[in-house]
Amino acid sequence: MKTVHPPRLAMWLLDRFGRDDEGLTGDLVEELDRGRSRAWFWRQVVAAIALRRRPRDPRPLHLLDDSELPIPGPEPRREINLTASPIYGIGGLGLVALALLISIMSPTSWLVGLAILLNGALLGALLGYVRWRRTTRGAAPPSVLERK
Amino acid sequence: MPRNLLTDFELMILLATLRVGDDAYGAQIAREIEQTSGRSVLLGAAYAALDRLEQNGYVTSSIGEPTPTRGGRAKRFFRVTPRGLRAIKETQAALVKLWTGIPQLKEGRT
């Protein structure tokens, strides 16, 4: 009997974006081998990916006689910012694109940013120097930068 | 005591698992539902429901041996637990109670 090979792209998509379950992947391959069409296979793969990415249904299974129990709301989604991007929803490539856009649309804004950075560095150095003077001399010099 | 009622799809999954027997796996369960109800089943949805049922203790799963027809992938076998059986019976009882006493559903009436 001739073995039917599943579409490579569909398999890659399922491995990459679908659920990590070789039972499901094996079942799909087996069904294709049993005579299901490629269109059926693609439909199953797309649905499996969509179901994997859909947030879990917070509805509890205990539907009746649970009136005394508090019904938990949906859990807040906890997202880890792996790109360490300061802007929500924009990753590494997004930041590069943003920098390119700023460079094209308004190159002078880089100078403003640079001036802000330099001012911050100067202020930091000044504060550090004042603190160092205070610790080395013992007495607190009058300062306009620090609260008493 | 709280009742463990199931959704229609969860109920179908559990009943199909029982019908198939000890060596029930995802594709077989889906096929059983398709053959008995004529309803097309998405395997991803079946596995999502089976995962939920396993988390609630209604089924247990075990991994079998990999086979060549599955591209070297193993089967995941499912078995209904006593708790799952109880949930089926409780759901059936609730549905039967809802069913009875409805004049529109009596035989001979449309």
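The choice from B:Arg73, B:Lys75, B:Arg76, B:Arg70 that makes the most heavy-atom pairs within less than 4.5 Å of chain A is B:Arg70.
Residue contact with chain B, scored on non-hydrogen atoms closer than 4.5 Å, is absent for A:Leu32. The parts of A:Glu22 that come within reach of chain B are both its backbone and its side chain, each placing non-hydrogen atoms under 4.5 angstrom from that chain. Proximity to chain A (any heavy atom under 4.5 Å) is shown, for B:Ser61, by neither the backbone nor the side chain.
A:Asp27 has no carboxylate O lying under 4.0 Å from a charged side-chain N of B:Arg31, or vice versa, which leaves the two without a salt bridge. Ion pair A:Glu31/A:Arg34 flagged as a salt bridge, since at least one NZ, NE, NH1 or NH2 atom sits closer than 4.0 Å to an Asp/Glu carboxylate oxygen.
Residues A:Leu24 and B:Leu53 fall within the same hydrophobic cluster, defined by Ile, Leu, Val, Met, Phe, Trp and Tyr side chains chained together at heavy-atom separations under 4.5 Å.
Sorted pairs that involve residues 40-50 of chain B and meet salt bridge (charged side-chain N to carboxylate O under 4.0 Å, His left out), not counting sequence neighbours, are lacking altogether.
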